[in-house]
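Notes to accompany the following structure.
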Amino acid sequence: MNDLSNREYGFDTAAVRSGTKRTGFNEHSEALFLTSSFCFESAAEMAERFKHSENYFTYSRFTNPTVTMFQERLAALEGGEACIATASGMSAILSVVMATLQAGDHIVSSRAIFGSTLGMFSQILGRFGITTTYVDPVDLDAWRTAVRPETKMFFVETPSNPLTELCDIEAVGEIARSVGALYVVDNTFCSPAVQRPLQHGADVVMHSATKLIDGQGRVLGGALIGTRQFLMEKVFPFVRTAGPSLSAFNAWIFLKGLETLSLRAERHSANALAVARWLEGHAAVKRVYYPGLESHPQYELARRQQYSGGSVLAFEVFGDTPEQQRDNAWRVVDATRLCSITANVGDTRTTITHPATTTHGRITPEARAQARITEALLRIAVGLEDPCDIREDLNRGLPT
Ligand SMILES: *Cc1c(COP(=O)(O)O)cnc(C)c1O
């Protein structure tokens with residue numbers, strides 16, 4: 001195989017060129033290797049390659065050329081040495097946990113994280129003797145006081161979903177480093193086109209590639225990016241043995257997704273900013289949450305650690321009682337003709353959700369109140385449609 005990625009390129013060049021490996025056919029676009037195993041010339045060669053399976057293609061649960069190309073390209077974009085791809089975002093989190101923690105260990109995590117991540121930490125890991133303390137991502141003292149002698153991992157997702165609260169990646173990273181905890185940042189909502197946490201002190205970046213990396217809402221996948229030593233010594237043995245490996249087909253979709261990531265992310269952010277500004281001036285909108293707005297309480301931090309505001313925003317409608325708030329919010333959802341009523345983010349198509357009754361519907365009313373997810377709140381993941389059409393669509397259900 002002919003490796004075309006042995007040079008340092010700019011982000012946009014790396015997005016279309018890095019990781020590419022060509023076969024003897026010299027195909028221009030990356031080949032899709034739909035094969036579960038690989039053949040050898042002899043018993044001796046097979047023995048040698050099985051001994052060093054991280055360096056050779058033997059079986060696609062271990063490595064596959066299409067998956068390797070995706071891993072190298074994403075590592076280049078995040079500015080990491082290496083990447084290990086997994087079957088979903090959740091299996092990426094499971095892999096980093098299983099690779100590094102054991103019974104008795106403790107995680108300090110932002111409490112504003114993806115619902116299934118909360119479920120994994122609390123319900124599943126709890127059964128295996130791994131405990132988690134949840135903290136307000138913005139409150140640095142809370143991170144410090146949550147640390148115990150057995151704390152082994154810090155976990156952050158920023159901006160938070162749906163309220164777009166930012167966690168100061170660098171500041172939390174300093175605390176993690178001072179106590180020797182592995183610092184994992186879920187970068188799904190931004191993608192490396194918007195934020196590169198390794199530059200701000202993260203040890204490991206985690207992705208649900210299902211979102212912006214695919215970009216068109218087609219397939220599931222995940223990834224972990226970090227140092228080669230950490231990933232090859234800790235994570236690869238787990239993924240190879242336990243099998244949450246990425247399919248070659250999905251890797252090929254993601255490789256193609258990365259080629260347009262930068263362009264898409266730029267447009268997602270520009271559209272989201274246009275919609276957020278319009279909502280902010282709308283008489284029927286109580287409040288808008290978007291890191292690209294000057295009114296966002298952490299606008300300065302957003303400018304420091306993000307290249308743009310990203311695709312996700314939230315806003316509140318009015319209502320005197322929770323029932324009225326829900327009615328008014330649901331009216332906006334039900335009046336849409338363009339926006340998709342679905343929870344996916346990072347898709348070409350704009351999606352709209354009512355978090356209190358969907359993504360955050362299963363947590364207790366007290367936890368929801370503490371997280372400030374009211375009945376009046378709506379989340380929009382802004383897509384690539386004409387922003388005028390998105391505004392008009394949202395306006396249908398807002399009183400004038
Ligand atoms: C979707 C998502 C995940 C989980 O990813 P899957 O690919 O659905 O398993 C984790 N974190 C965040 C922030 C997500 O949006």
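Quantities reported herein were computed from a predicted structural model and do not represent experimental measurements. Read the numbers this way: they start at 1 and go in the same order the structure lists the ligands and their atoms.
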ask   = Would you call Gly346 a ligand 1 contact, heavy-atom distance under 4.0 Å?
value = no

key: Asp186: numbered ligand 1 atoms lying under 4.0 Å from its heavy atoms   = 10 (C), 11 (N), 12 (C), 13 (C)

ask   = Taking only heavy atoms of Glu157, which atoms of ligand 1 are found under 4.0 Å from at least one of them?
value =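 In order of numbering, the contacting atoms are 13 (C).
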
query = Are the side chain of Glu157 and the backbone of Ile113 linked by a donor-acceptor contact shorter than 3.5 Å?
reply =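 Here the side-chain-to-backbone pair does not exist.
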
Can you report which non-hydrogen protein atom sits closest to [atom], along with the distance?
atom	value
atom 7 (O) of ligand 1	Thr210 OG1, 2.6 Å
atom 6 (P) of ligand 1	Gly89 N, 3.3 Å
atom 1 (C) of ligand 1	Lys211 NZ, 1.4 Å

Same apolar cluster (I L V M F W Y, side chains within < 4.5 Å links), Phe254/Leu220 = no

ask   = Does the side chain of Arg73 come within less than 4.5 Å of Thr20's, by heavy atoms?
value = yes

task = Verify side-chain hydrogen bond (donor to acceptor under 3.5 Å, both in side chains) between His207 and Thr188, making sure each step is shown before the conclusion.
result = CA-CA 5 Å; His207 273 288; Thr188 301; 4.6 Å; no

inquiry  = Between Lys21 and Glu30, does any side-chain N to carboxylate O distance fall below 4.0 Å?
reply    = no

key: Distance-minimising heavy-atom pair for Gly292 and Tyr299   =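 Answer, listing the atom of Gly292 first, then Tyr299: O-CE1, 3.6 Å.
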
request  = Give yes if a backbone or side-chain nitrogen or oxygen of Thr117 is under 3.5 Å from a nitrogen or oxygen of ligand 1, and no if not.
outcome  =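 No.
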
message = For the 3.5 Å polar cut-off, considering only N or O atoms, please tell me whether Met90 and ligand 1 meet it.
response = yes

message = Looking at Tyr183, I'd like to know if the NZ or CZ of Lys152 sits under 6.0 Å from its six-membered ring centre while staying within 45 degrees of the ring's axis.
response =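 The answer is no, since Lys152 fails at least one limit relative to Tyr183.
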
note = Closest to atom 5 (O) of ligand 1 (heavy atoms only, candidates Gly221, Gly115, Ser208) is Ser208

